[in-house]
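Each chain gets a letter, A, B and so on, in the order its sequence line appears, and its residues count up from 1. The analysis underlying the following values was restricted to heavy atoms, covering all of them including side chains, and did not include hydrogens, waters or symmetry mates. What you are looking at is a predicted structure, and each value in this text was computed from that prediction instead of being measured.
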Amino acid sequence: MFKEYNPIQDKLFRIIDDDGMIINKEWMPELSDEQIVNAYKEMLFARTADLQIVSYQRQGRIYTYPPNYGQEAISGATGAVMREDDWLVPAFREMGAYLAKGATLKELFLYFMGYEDGSLFKDAKNILPISVPIASQLVHATGIGYEIKYNNKDQVVFAFVGDGGTSEGDFHEALNFAGTWKVPVIFIVQNNQYGISTPFSVQTASENIAIKSVAYGIEGIMVDGNDYFAMYAALKNAAKRTGEGNGPVLVEAVTYRKGAHTTSDDPTKYRTKEEEEEWDKKDPLKRLKAYLIDKKLWSEKEEERVIPQYKKEIDSQFEEAENYPESSLDDVFQFMYDEMPEDLQKQKVEQEKFLTWMEERK
Amino acid sequence: MFKEYNPIQDKLFRIIDDDGMIINKEWMPELSDEQIVNAYKEMLFARTADLQIVSYQRQGRIYTYPPNYGQEAISGATGAVMREDDWLVPAFREMGAYLAKGATLKELFLYFMGYEDGSLFKDAKNILPISVPIASQLVHATGIGYEIKYNNKDQVVFAFVGDGGTSEGDFHEALNFAGTWKVPVIFIVQNNQYGISTPFSVQTASENIAIKSVAYGIEGIMVDGNDYFAMYAALKNAAKRTGEGNGPVLVEAVTYRKGAHTTSDDPTKYRTKEEEEEWDKKDPLKRLKAYLIDKKLWSEKEEERVIPQYKKEIDSQFEEAENYPESSLDDVFQFMYDEMPEDLQKQKVEQEKFLTWMEERK
Amino acid sequence: MDGGEKMKIMNMVNAINDALDIKLKEDRNTIVYGQDVGVEGGVFRVTEGLQKKYGNDRVFDTPLAESGIVGTAVGMSVAGLRPVVEIQFSGFVYPAFNQIISHAARMRNRSRGRYQTPIVIRMPYGGGINALEHHSESMEALFGHIPGVKVVIPSSPHDAKGMLISAVESNDTIIFMEPKRIYRAIKQEVSEDKYSIPLGKANIISQGTDVTLVAYGAMIREAQKAMILAKEAGISVELIDLRSIYPIDRDTIANSVKKTGRIITVTESPKSFGVASEITQVVNEDAFLYLEAPPKRITGFDTIVPLPKGEHHYMISPEKIFYDIEKTVKF
Amino acid sequence: MDGGEKMKIMNMVNAINDALDIKLKEDRNTIVYGQDVGVEGGVFRVTEGLQKKYGNDRVFDTPLAESGIVGTAVGMSVAGLRPVVEIQFSGFVYPAFNQIISHAARMRNRSRGRYQTPIVIRMPYGGGINALEHHSESMEALFGHIPGVKVVIPSSPHDAKGMLISAVESNDTIIFMEPKRIYRAIKQEVSEDKYSIPLGKANIISQGTDVTLVAYGAMIREAQKAMILAKEAGISVELIDLRSIYPIDRDTIANSVKKTGRIITVTESPKSFGVASEITQVVNEDAFLYLEAPPKRITGFDTIVPLPKGEHHYMISPEKIFYDIEKTVKF
Ligand SMILES: Cc1ncc(C[n+]2csc(CCOP(=O)(O)OP(=O)(O)O)c2C)c(N)n1
Ligand SMILES: Cc1ncc(C[n+]2csc(CCOP(=O)(O)OP(=O)(O)O)c2C)c(N)n1
Ligand SMILES: [Mg+2]
Ligand SMILES: [Mg+2]
């Protein structure tokens, strides 16, 4: 696959076209009908949640949130390929992947409501918290890859970053270390064409992102990130390859951020309606749905049936999050060090004294 | 040239072979006999100086020094291609280039003797001081390139870095910015196979360094850095190309650090005699000399005649440096800010008071 | 002020924008760039409209790479330009730390005065805006410890404009930290003309006799609220806006302490190794015999700034300041 | 000490090597890496012989990239390893600053205790070795201001070994700064057994009554020389080796000042925002009423450390320390 879709030739790996028709049978992954329907449902759930969150945000019930809208196939395919023991190293825009790993929507809500516990992802095995400083998490992925190799474990790391993130020095260092160490890491770049308002053409003069793999002597492939099957096939292949000790893989997932950068961003300032409409034609859900309907595996009716269920589920998790216990002063201090240094204890005690004074003053 | 020697094909651009015979007439640069002889003389001078400095160092007359020994053709060719107005952004191992730009040996001696004034390069136009934090200077080159483009100047930036330096994030950011900004910068990587003791294979799994250019959508070429003509032709071409607004160029100069990393390093710990001997065959001076002797432009006798002259010249500049005036307390303070802040003035005054006390105490 | 001066109601965002506008108009060497500062006009809209006005080669977006942003500014400034770069949030300046400490701060000294790096590195800092991780820190003390740069922080629209103009005109590298919490919270009449406020001098906001209160940035507003409580309690506070973190205006502080005998410094930063400690040292050096109570620091904790739901535990309230004023005065 | 203990003459390089050796032998999760630490054994030979002994996957060279070095250590440690990484000189740690401040220092807090980053970041620091630019700085205060890491500095072979063993066994990220000037200058008997010295505690090197002298790293030796001069002048100095920059051992310092009434801190770092200011603040907080003279700082200047030919202007001499001891005692 990596030979055939050599990024030097600027080739895009696709399996279905914009209308959901298979155009690349050779690489069509072996997935049962049920698996495909489930994949669609997960993507639909993620999108429903996404749109719902934006409306919560408008109601002032949640802080800034970065929607995944339009990028669901990437997270969906990652979720399907990742095994329980595999590591997920997130950026911040791959909700479906967290959910697939075992994180809950409630936890995500907590995070974007500003609760520390939203980073816990309690029941998700081997997942790092969301990483805000762009691209810095990629080096961690390489480090985790080293541990896997060192201990001969059967694991693969899935690490996320955006197109903007490829400009950071840490992208370079992470891939370069990973290349020389030959560690089992898949670097997934969600190329959604923008870093906030900055278009891809301002990020780099490189023909595409996958091609950057040659700088590290590793495999790279440019995949239609809005094509669930292509993403699944590419990641499955990459995971096999890297898991067998052949070194890291760079997967560029070409996609489009249909929503705003975050709920505080206004994309009309920097992109055109025409562009948005062009990309609407490539919408990942639309395409997978067309495939399913064509195969009689899905229907508008079914969709109308599940969406209200999803909404209810989302609302219920959101409400749970809204009723989360308040954060305590302890929470600020307790995880700073393995054992709290004396001086830090004193700082806490002093604050408590002040709070008592405040109480008494009332 | 850049098409023909596409680094993706791992092709090495050479003009003369190990014995100084032309093997690539097509690209042989148009240089007069005099120019070639001069080039050889400059390289010979640089080498003579280099070896001399190592012996000064052994005598304890100079601190740590990083020899250029074996890499003279790269600096030599750069010096010949650079115009007066062009910028030179040094790393620290390209003596011949500084000299060509108008820096003096004496200044270099001052630098490695630990005088601040050794960074001044008084009569060299548009040259930055030596940069110690590896690769960090490359971003400056890109910035200078921006100014050139902004003001429509007829200038090119020649920026140096080592193979080790290509691993730093700043290498990535410098080339990526330069690529998107399309600025007139030539990034010259002296791939001397080692970063201190670390071999190239540990730096990167990339096939070669020139190939990293594709990650930035810029031209790249892998050149035999021990072949003066190849280096000259490549840089000349690169300068023309980039000067005409076609964006930056990455030139990998494949060479070998024949000496130690610095005078405090012992290469026998990490490389073999066989390897050194293999590279001896490719020595840049040996090859150019063979060419010249073959063309009857040079002789052993001539060489025996000039070397003592060079040595004398080197010694004389060294002695001048040794007699350089002592650094003053003023020197520590005066260039920190455009105007010295009051507090800094006070710090100086306090120190002066202490020095007076010391004097009086004696 | 003479009659010709035109005043306009501005918040800090407007005032900074105005300062940039003035300098861009006045000096073709002034260049403004960073992430999303062009088309978008900055995530806080500080550079709004400037790209349209001055063109893509003078106001523009860069790749997402802070070391690249500051490092290219070093190169540009050496070659004669005067870049004003934006770091989107101060929490993201660290990839550029090497370029700041190793080059911007050292190029003049290294080149023995031959080259200079007149760069302004603007960045919003500080807490109180319900932001994600890394968006709320106040790490100005880190920059204060770097020889070769200056560090300044305005506390009002008026100051922001005047100080930024000075910063752009300075031949030094200036770390210009903007208290984002009060970007839009304070509005005041600001002259539309060009004016500048010298860097390195503190500003006595109000005179007092019982205790000196030093603050800066968004903490000035909290300090002013605390002063109301103090007044009620019959305590006369002298409020100093530090304005310049480095160099520190020793004289203004020491003179005030000589009058009041007591000093409290308020900063949002972590407690240890912060600006307050430096001020305490300065006061010990310059006004030791006048001290009637231990110089007090009111700071954040030596912890990460909590996410929004816990941020109130960390943030400094007017009550907290008053609490310590009272304790210090009663010492 | 019981009879079984075997002692050996070691300098600090030997002692650090020995500590690494012990931990590598004892715990397969311990991993040592960095630039040239493998085949070469480090530019200062600190890791000499370890690669041969423990293999390429446990002691190895990396690409030349500090952010990569520290960042991969964050990943490894989260996954269960205990990396001890070397930064070749502290002047080259800045490319890794973001990984330290944004991740190593925050991962436990961010993940609510789920993950930890038991990393040791070793780096030689300080002046006095006639080195090139960026090879002589003492910027420990920068790290002291970062919540979530600990910062320690040994002053002798004995301490270096015991403190490094504690550092490797700590579940926190430890910035371990090594005073390269005394790497080989001090030799002493050091136990070949495993022992550890708790981090966070200062060490009273010698008791005294007139003035407290706080120093650390290479400055201890200079302080000891100054004490000879002080003794001649009839001044009794209490010398405290700070050992831990963060957290600071407040009690040991305050108790000493309560006895002596006077304190001087010696650091090689730039003057402003340094360790001395923090100690002055601590003393003002904890022993204000005992102070008989202003807490004094003896530091470098707010300048770049000069190149070798000018370094003597910057370096702190025993005479300088004595000069200030005398002034402080006579205050
Ligand atoms: C180091 C750093 N610089 C700047 C930011 C501010 N910021 C947050 S998201 C973003 C754009 C990211 O673009 P991209 O990597 O393409 O990811 P996307 O948002 O498109 O998913 C920026 C600049 C940051 N978080 N970290
Ligand atoms: C950022 C940084 N890290 C480490 C060093 C220490 N150091 C000096 S030279 C060198 C090796 C450089 O290798 P390379 O880039 O190949 O250049 P060469 O010495 O071979 O010319 C190292 C690690 C440094 N100067 N800067
Ligand atoms: Mg993007
Ligand atoms: Mg090299």
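A salt bridge is absent between D:E222 and D:K320: the closest approach of a Lys/Arg side-chain nitrogen to an acidic carboxylate oxygen does not fall below 4.0 angstrom. Taking a cutoff of 4.0 Å between a charged side-chain nitrogen and a carboxylate oxygen, D:R262 and D:D210 do not qualify as a salt bridge. Ionic pairing of D:E178 and D:R122 is present here: one or more N-O contacts between side-chain nitrogen and carboxylate oxygen are shorter than 4.0 angstrom. Comment: B:E320 engages B:K106 in a salt bridge, judged by a side-chain N to carboxylate O separation of less than 4.0 angstrom. Ion pair B:K212/B:E207 not flagged as a salt bridge, since none of the NZ, NE, NH1 or NH2 atoms sits closer than 4.0 Å to an Asp/Glu carboxylate oxygen. One finds no salt bridge joining B:K258 and B:E276 here, because no Lys/Arg side-chain nitrogen approaches an Asp/Glu carboxylate oxygen to under 4.0 Å.
If you measure heavy-atom distances from B:L329 to chain D, the contacts under 4.5 Å come from both the backbone and the side chain. Contact annotation for D:P95: only side-chain heavy atoms (C-beta onward) come within less than 4.5 Å of a heavy atom of chain B. Contacts between D:L132 and chain B at a heavy-atom distance below 4.5 Å involve the side chain alone, from C-beta outward. With a 4.5 angstrom heavy-atom cutoff, D:S272 touches chain B only via side-chain atoms. Both the backbone and the side chain of B:F354 come within contact range of chain D, each with at least one heavy atom under 4.5 Å from a heavy atom of that chain. With a threshold of 4.5 angstrom between heavy atoms, B:I196 approaches chain D through its backbone and through its side chain. In this structure, chain D has a heavy atom under 4.5 Å from the backbone of B:S328, while its side chain stays farther away. Contacts between D:S67 and chain B at a heavy-atom distance below 4.5 Å are absent for every atom of the residue. If you measure heavy-atom distances from B:K346 to chain D, you find no contacts under 4.5 Å at all. The part of B:D265 that comes within reach of chain D is its side chain, from C-beta onward, which places non-hydrogen atoms under 4.5 angstrom from that chain. Of the atoms belonging to D:F301, heavy atoms from both backbone and side chain fall under 4.5 Å from chain B. No part of D:E311 comes within reach of chain B, as not one of its non-hydrogen atoms sits under 4.5 angstrom from that chain. Residue B:D163 does not touch chain D at all, counting heavy-atom pairs closer than 4.5 Å.
Put simply, of D:E66, D:H312, D:E133, the one with the most heavy-atom pairs under 4.5 Å next to chain B is D:E66. Ranking B:M358, B:M113, B:E350 against chain D, the residue ahead of the rest is B:M113, based on heavy-atom pairs under 4.5 Å. Taking D:F89, D:F322, D:F60, D:Y314 one by one and counting their heavy-atom pairs under 4.5 Å with chain B, the maximum is reached by D:F322. Interface remark: of the candidates B:E168, B:K348, B:M336, B:E168 forms the most heavy-atom pairs closer than 4.5 Å to chain D. Ranked by heavy-atom pairs under 4.5 Å with chain D, the list B:T198, B:I130, B:L355 is led by B:T198. Note on D:Q35, D:K271, D:Q88, D:K327: by heavy-atom pairs under 4.5 Å with chain B, the leading option is D:K271. Taking D:G68, D:G91, D:A65 one by one and counting their heavy-atom pairs under 4.5 Å with chain B, the maximum is reached by D:A65.
Using the six-membered ring where Trp is involved, B:Y194 and B:Y270 have ring planes that are tilted, between 30° and 60° apart. Using cut-offs of 30° and 60° on the angle between ring planes, the pair D:Y94 and D:F97 is tilted. Between B:Y56 and B:F109, the two ring planes are perpendicular [angle over 60°; tilted spans 30° to 60°].
There is a side-chain donor-acceptor pair under 3.5 Å between B:D331 and B:Q334. Counted by atom type alone, B:T255 and B:N192 present zero donor-acceptor pairs between their side chains at under 3.5 Å.
You'll find the ring centres of D:H135 and D:F92 inside the 6.0 Å limit.
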